[in-house]
Amino acid sequence: MLDAYFDFIRIRFLTMLAYRLNYYTGILIYSLNIGVNYFTWKAIYGEGESLGGFTASQMTTYVAVSWMARAFYFNNLDREISTDIRDGSIAIQFIRPYNYVLAKMMQGLGEGMFRFMLFMIPGMAIAMLLFPVKLPSDPAAWAGFLVMLFFSFLINSQINVITGLLAFFVENNEGLMRMKRVIVDLFSGLIIPISLFPGWLSGILKVLPFQAITYLPGSVFTGRVKGVGIWNVLGIQIFWFAVLLIPLFFLYRAARQRLFVQGG
Amino acid sequence: MRYHLGLLSEYLKNYMKTRLTYRADFWVEVISDLLFQATNLIFIFVIFMHTNSLAGWSQNEVVFVYGFFMVPYGVFSCFVNMWNFSDRYIVKGEMDRILTRPAHNLFQIFLENVDPPSLVGSLIGLLIMGVSGYNLGLPFEWWTIPAIIVLTLSATAIYTGIYTTLTSLSFYSDAPTGIIPLMYNIQTYGRYPVTIYNRAIQVLLTWILPFAFVGVYPAALFLGREEMTRMALLTPVMGAIFLGIGLFTWSRGVRRYKGAGS
């Protein structure tokens, strides 16, 4: 049984490999994104030393690390699920002897592993050549970062699966998916580190799961957050991973009972 | 011309009918559009909580540029939407249907994808220009409104040119091109004062992917920023050039279309 799930990872990895050409332009665009963010922050800092607890050089590293982490954890599971629902192929997948959601997560992992090796690592190398990115030298920080990155992937994918399954209830969830993408990019701290938001807003964001995707791992990795250590962040990530399983479980159960196929 | 306008209104009517089937989604789309725009505004506001000027531009000026940026972007997304072109028209072979009809093929594709909710963004953009322009005490000249119209049309032409060129690539390559979604990332950078970037990015945003001409340059005209006035006046020229390139590569590409064989 476990073999079957392992195959989902492997097959998705190989499928992605077939379309790897797209990813070379992707690396270029991500570098450009990092570049533009870098110059914007440089202009914001001006002569200033530190903003929201970030020095200018920590901010550079934060921007690069956050974008590259996104290169790993990003996937389109929400779109895949809602397409399965709309063209009706989900009915077949429901009666197959595996758990649909788990299979999707495995496919996402296969995609993530592809992105990690052919997108994130070369992209990071290019970003380090172009911009003054300072990575930690402590192997423990690296090991911790990889584990946190894995949890970023899990939490982001859970949110994606939840958004995708909602297509059962709203029929056309195009707008919902776009809204989710905007919210995740903004509230996860990818565009603006959460400590720079006004107090009331960062207070709200601290009790939402999104910060566990980008902000917390990025902060620890750049050595900015002194008080919140690796273990603390891991604790928060595990907490959200567990909490998000609850809506996932109920949505999945409700979806199986509600299934109706719109054509196809 | 009357023929084309007639087609446009027919398609809009059709659009309303399909849209009323998914009524809730219509509003979700408008809201998610606005939310997307709001993130960029939030970014500007958060930045200016920590600094007084961005390379010599004040908060109201940057917000004004963003307001202008939203206007042509809304017009573009309403009338020129090629997001799924490759999937829908080439992979599924719908291009065959388009080519057998009398109206111009590119025009038909634009029509089939009209997206009126996007225009809400343009209205909000005008509102933002109004508010920040008032805060700045900008003069309202006789040429203000004609200039907004001309610059909006020019900027829309630049968008159309760039995206038509990129979409034409799908006639040459079989693999779905991932370039277009990524381009949507880059275009937003044209709204910041381009002078903050290093030389390479400035050249890129001015001459190669001229997204600075859909935001900061034309807006500088209204802001009375003399260092960019020349660039602002160049906007219609850039619009004509890039639209020309787009139409040219498109017509070359269409000739290569052979059908998907499904």
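Chain naming here is simple, since letters A, B, ... match the order of the sequence lines and numbering starts at 1 in each. Below, all heavy atoms of this structure are taken into account, side chains as well, without hydrogens, waters or symmetry copies.
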In terms of heavy-atom contacts, Phe54(A) and Tyr45(A) come closest through O-OH, 2.8 Å
Does Arg181(A) come within less than 4.0 Å of Asp78(A), counting only side-chain N to carboxylate O?
-> no
Ser89(A) and Asp87(A): side chain donor to acceptor below 3.5 Å | yes
Interface moiety of Asn52(B) toward chain A, non-hydrogen atoms closer than 4.5 Å | neither
Regarding Tyr30(A) and Arg70(A), is there a side-chain donor-to-acceptor distance under 3.5 Å anywhere?
-> yes
Which residue out of Ile196(B), Thr195(B), Ile31(B), Thr51(B) racks up the most heavy-atom pairs below 4.5 Å with chain A?
-> Ile196(B)
Distance-only side-chain donor-acceptor flag, Lys104(A) / Asn160(A), under 3.5 Å = no
Check each atom of Leu204(B) against the heavy atoms of chain A and say whether the ones under 4.5 Å are side chain, backbone, both or neither.
-> side chain
Between chain B and each of Asn33(A), Ile183(A), Leu51(A), count heavy-atom pairs under 4.5 Å; write down the option with the most.
-> Asn33(A)
Choice from Val36(A), Leu28(A), Ile29(A) maximising heavy atom contacts with chain B below 4.5 Å = Val36(A)
Looking at CD1 of Ile11(A) and CG of Leu17(A), how far apart are the two atoms once the value is rounded to the nearest 0.5 Å?
-> 13.5 Å
Just wondering, are more than 12 heavy atoms of other shown residues or ligands nearer than 6.0 Å to CD in Glu226(B)?
-> no
Name the region of Leu196(A), side chain, backbone, both or neither, that has any atom closer than 4.5 Å to a heavy atom of chain B.
-> both
Asn37(A) versus chain B, heavy atoms under 4.5 Å apart: side chain, backbone, both or neither?
-> side chain
Between Leu201(A) and chain B, which part of the residue has a heavy atom less than 4.5 Å away: side chain, backbone, both or neither?
-> neither
The interface call for Ile201(B) against chain A, heavy-atom contacts under 4.5 Å, is side chain
